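Note that the structure is a prediction, hence the values are computed from the model and not measured. Every chain is numbered from 1, with letters handed out A, B, ... down the list of sequences.
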There are 2 protein chains.
Amino acid sequence: MPKPKLKPQDLREACLAEAAAIIERDGLEALSLREVARRLAVSHQAPYKHFASRDHLLAALVARAYAAFASALEARPRSSDPWADMAAMGEAYFAYARAHPRQYRLMFGAKLPDPADHPEMMREAKAAFGLLEKAIAALPRGPRSRGACRHDALFVWSTIHGLATILLTDSAQTIAMPRAALKAAESEALARIGAALGAPAGPP
Amino acid sequence: MPKPKLKPQDLREACLAEAAAIIERDGLEALSLREVARRLAVSHQAPYKHFASRDHLLAALVARAYAAFASALEARPRSSDPWADMAAMGEAYFAYARAHPRQYRLMFGAKLPDPADHPEMMREAKAAFGLLEKAIAALPRGPRSRGACRHDALFVWSTIHGLATILLTDSAQTIAMPRAALKAAESEALARIGAALGAPAGPP
DNA sequence: CCCTTGTAGTTGACACTGTCTACTTCACGG
DNA sequence: CCGTGAAGTAGACAGTGTCAACTACAAGGG
């Protein structure tokens, strides 16, 4: 009995959507190609016609996650003050990590396929990081080399990423950090990042 | 034919050692209870007499990793200057992450079993974090509440942990960050952390 | 002394997984 | 009309974690 027909590439799209749904609901470890196929009511081998391996499906998902992440960063409330703009970006970063913890872990936490094998994934990731570099280059701090900006960007990213990771994973729970200490951690970290980069003093 | 006898709990110890060896050599994803059993030339179910599940074995390994990590932090070269001492601790942190990347990922990166189910793992983790809190409390910055110190500790940990994670995982490779930018990142981050906490200016 | 009890280890099974190979279907272009 | 290639199916294989039932054996109580 022939299946109801799908347009070419429809199954590929459906696989990505279903896989994303599984991760969002049950986490990365619950994702399997066979489960995807099962939910789409196709044979367990059908997804292999569109993804060479599980890693390839994963890489495609990660690429999309980076793209969505970059969009969220770009959708931040804009400000004409470069310092405020960077703070807004930091807040957007935390907000995204909080709103989509699984996707955040998918991008940064999980064991990923080798980036060199998945150029599209790398391209999206670079684009996201480029937003941060741009915001930092716009800061009014006298002429700075591109290399210096990259150093700053790495520092800022490290700090925000580190805190986001800790807040997201069970690390804080593991060391029995009281919830109260986590509450203000985000804005505090952003303020300190600003201070470390030489921002003018914020509101009292 | 009876096996050559092992003292009670010997197999448990051997499992932990073998599992650690597997992770060190081939990474976490290569670890399986069956592979452990195979290498020890026992049946695939023997480890289950000592670990209720794969997660329980993992939790025991993580507890040991935390303990080793804490030892490495404590073995840092001591200094009578609290600021220098904290910097030394940061360097020891990075050094450990660099020397034992798999173990570091085991502690912070990987999907871990629920901490609440593994109190020993939590205890070791708290002990490690406590070292940082202690070093920060020793900083000469006028009287600070315990809560304030915890905030500082969380900030410092975030920054160091974030950078260590980025340096360790493929994240830097993913965004095609040039190696040169990574070279000085550690000491730079430590200097900025000091600045953010109000350290006196370092050597010119 | 026997007999129970508990622990450590064994074998066998089950339901999963990713992936390989071989087969079918079917639209399209010469 | 006929091939050709893409998409989907079916079956197999090795690997996994885990459950259940069985065996060997040391220790201890009656």
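The interatomic distance linking Lys49(A) (NZ) with dA10(D) (P) rounds to 13 Å, in whole Å. dT17(C) atom P lies 14 Å from atom CG of Leu28(A), rounded to whole Å. Between Leu40(A) atom CG and dT9(D) atom P there is a gap of 11 Å when expressed in whole angstrom units. Atom pair Asp55(A):CG and dG18(C):C1' shows a separation of 11 Å (rounding to whole Å applied). Between the P atom of dG18(C) and the NE2 atom of His56(A) lies a distance of 15 Å, rounded to the nearest Å. Put simply, CD on Glu29(A) is 17 Å from P on dC16(C), counting in whole angstrom units. Rounded to whole Å, the distance from CG on Asp10(A) to C1' on dA6(D) is 15 Å.
Side-chain N/O atoms of His44(B) include none lying less than 4.0 angstrom from OP1 or OP2 on dG12(C). Between Tyr48(A) and dG18(C), a side-chain N or O to OP1/OP2 separation shorter than 4.0 Å is absent.
Within the 4.5 Å cutoff, the side chain of His118(A) has no heavy atoms near those of the Val62(A) side chain. When side chains are defined from C-beta on, His100(A) does not count as touching Phe69(A), because their heavy atoms never get closer than 4.5 Å. Here the side chains of Thr165(A) and His161(A) are in contact, with some heavy-atom distance below 4.5 Å.
Salt bridge Asp26(B)/Arg102(B): absent, no basic N to carboxylate O contact under 4.0 Å. By the 4.0 Å N-to-carboxylate-O rule, Asp85(B) lies too far from Lys134(B) to be salt-bridged with it.
The Ser53(B) side chain lies nearest to dT18(D) when the options are dT9(D), dG9(C), dT18(D).
Annotation: side-chain hydrogen bond (donor to acceptor under 3.5 Å, both in side chains) contacts involving residues 53-68 of chain B, sequence neighbours excluded, comprise Glu13(B)-Arg64(B), Ser53(B)-His56(B).
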Can you pull every protein N or O that's under 3.5 Å from an N or O on nucleotides 14-16 of chain D?
residue	atom	partner	partner atom	Å
dT16(D)	OP1	Ser32(B)	OG	3.0
dT16(D)	OP2	Arg38(B)	NH2	2.5

